[in-house]
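Computed from a predicted model, the values in this text were never measured in an experiment. What you see below is based on every heavy atom in this structure, not just the backbone, and it leaves out hydrogens, waters and symmetry mates.
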Amino acid sequence: QVQLVESGGGLVQPGDSLRLSCAASGRTVSTLTVGWFRQAPGKEREFVAHIIWFGLSTYYKDSVKGRFTISRDDAKNTVYLQMNSLKPEDTAVYYCAARRSGGILTGESAYNVWGQGTQVTVSS
């Protein structure tokens with residue numbers, strides 16, 4: 001059974017950086033497509049980025065392209081989300097999620113394993 005645990009959230013100022021981690025157990029992370037989603041207060045959860053299983057193909061929400069980078073460390077069985085040039089509108093609870101399939105699928109329903117989330121707050 002796959003389990004995901006996020007970490008790395010916190011309170012930062014606009015323009016700062018954070019790196020979120022998603023540690024997987026129960027399955028080798030390279031055999032999963034792992035995505036990051038976020039949910040801001042009063043809003044629906046939205047796709048942010050994913051890294052596709054067995055390869056390193058990545059896909060991003062338009063508003064984070066050039067600022068966020070998703071990567072995977074197979075030795076640590078962990079997927080990261082490096083977030084640079086953070087903006088107040090990036091404030092949300094960030095979740096990692098996994099699925100055992102490839103392809104560019106950005107809907108929540110495509111993912112069947114979820115972490116508990118980590119809070120990211122960007123404020124001056």
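No continuous path of hydrophobic side-chain contacts links Tyr80 to Val64 [ILVMFWY only; heavy atoms under 4.5 Å]. Ile104 and Phe37 fall within the same hydrophobic cluster, defined by Ile, Leu, Val, Met, Phe, Trp and Tyr side-chain heavy atoms under 4.5 Å apart, directly or through other members. Note on Val120 and Val48: same hydrophobic cluster, where clusters join Ile, Leu, Val, Met, Phe, Trp and Tyr whose side-chain heavy atoms are under 4.5 Å apart, directly or indirectly. Clustering ILVMFWY residues whenever any of their side-chain heavy atoms sit less than 4.5 angstrom apart, transitively, puts Tyr60 in the very cluster that holds Val122. The cluster map of Ile, Leu, Val, Met, Phe, Trp and Tyr, joined by side-chain heavy atoms under 4.5 Å apart, puts Tyr111 and Trp36 in different clusters.
Side-chain contact between Phe54 and Thr31 is present, with heavy atoms from C-beta onward closer than 4.5 Å. In this structure, Val29 and Arg72 have side chains that are in contact, with non-hydrogen atoms separated by less than 4.5 Å. Looking at Met83 and Leu20, their side chains come closer than 4.5 Å, going by heavy atoms from C-beta outward.
Below 30°, between 30° and 60°, or above 60°: for Tyr59 and His50 the angle between ring planes is between 30° and 60°, a tilted geometry.
To the nearest 0.5 Å, atom OG of residue Ser25 and atom CG of residue Leu4 are 7.5 Å apart. Here the OG atom belonging to Ser71 is positioned 8.0 Å from the CD atom belonging to Gln82, to the nearest 0.5 angstrom. Remark: Thr58 OG1 to Lys65 NZ distance equals 9.5 Å, nearest 0.5 Å. In this structure, the separation between CG on Leu86 and CZ on Phe68 is 5.0 Å, given to the nearest 0.5 Å. Taking OG1 from Thr28 and CG from Asn77, the interatomic distance works out to 5.5 Å, rounded to the nearest 0.5 Å. One finds the CD atom of Glu108 at 9.5 Å from the OH atom of Tyr95 (value rounded to the nearest 0.5 Å).
Here the closest heavy-atom approach between residue Ala49 and residue Leu81 is recorded as CB-CD1, 4.3 Å. Across all their heavy atoms, Cys22 and Val34 have their closest contact at SG-CG1, 4.4 Å. Of all heavy-atom pairs between Pro14 and Ser124, the closest is CD-N, 3.7 Å. The two residues Val93 and Gly117 make their nearest non-hydrogen contact at CG1-CA, 3.9 Å.
Judged by distance alone, with hydrogens and angles left aside, the side-chain atoms of Arg67 form a donor-acceptor pair with the main-chain N or O of Ser85 at under 3.5 Å. Panel note: side chain Arg99, backbone Gly102; a donor-acceptor pair is recorded below 3.5 Å. Looking only at distances, a side-chain donor or acceptor of Thr33 sits under 3.5 Å from a matching main-chain atom of Trp53. Under the 3.5 Å distance criterion, the side-chain polar atoms of Gln116 are left unmatched by any main-chain donor or acceptor of Val5. In this structure, Glu6 contributes its side chain and Thr118 its backbone to no donor-acceptor pair below 3.5 Å.
Atom CD of Glu89 sits in a crowded spot, with more than 12 heavy atoms from other residues, nucleotides or ligands closer than 6.0 Å.
Geometrically, Arg38 does not engage Tyr94 in a cation-pi contact defined by less than 6.0 Å to the ring centre and at most 45° from the axis.
A salt bridge does not link Asp90 with Lys87: every distance from a Lys NZ or Arg NE/NH1/NH2 to an Asp or Glu carboxylate oxygen is 4.0 Å or more.
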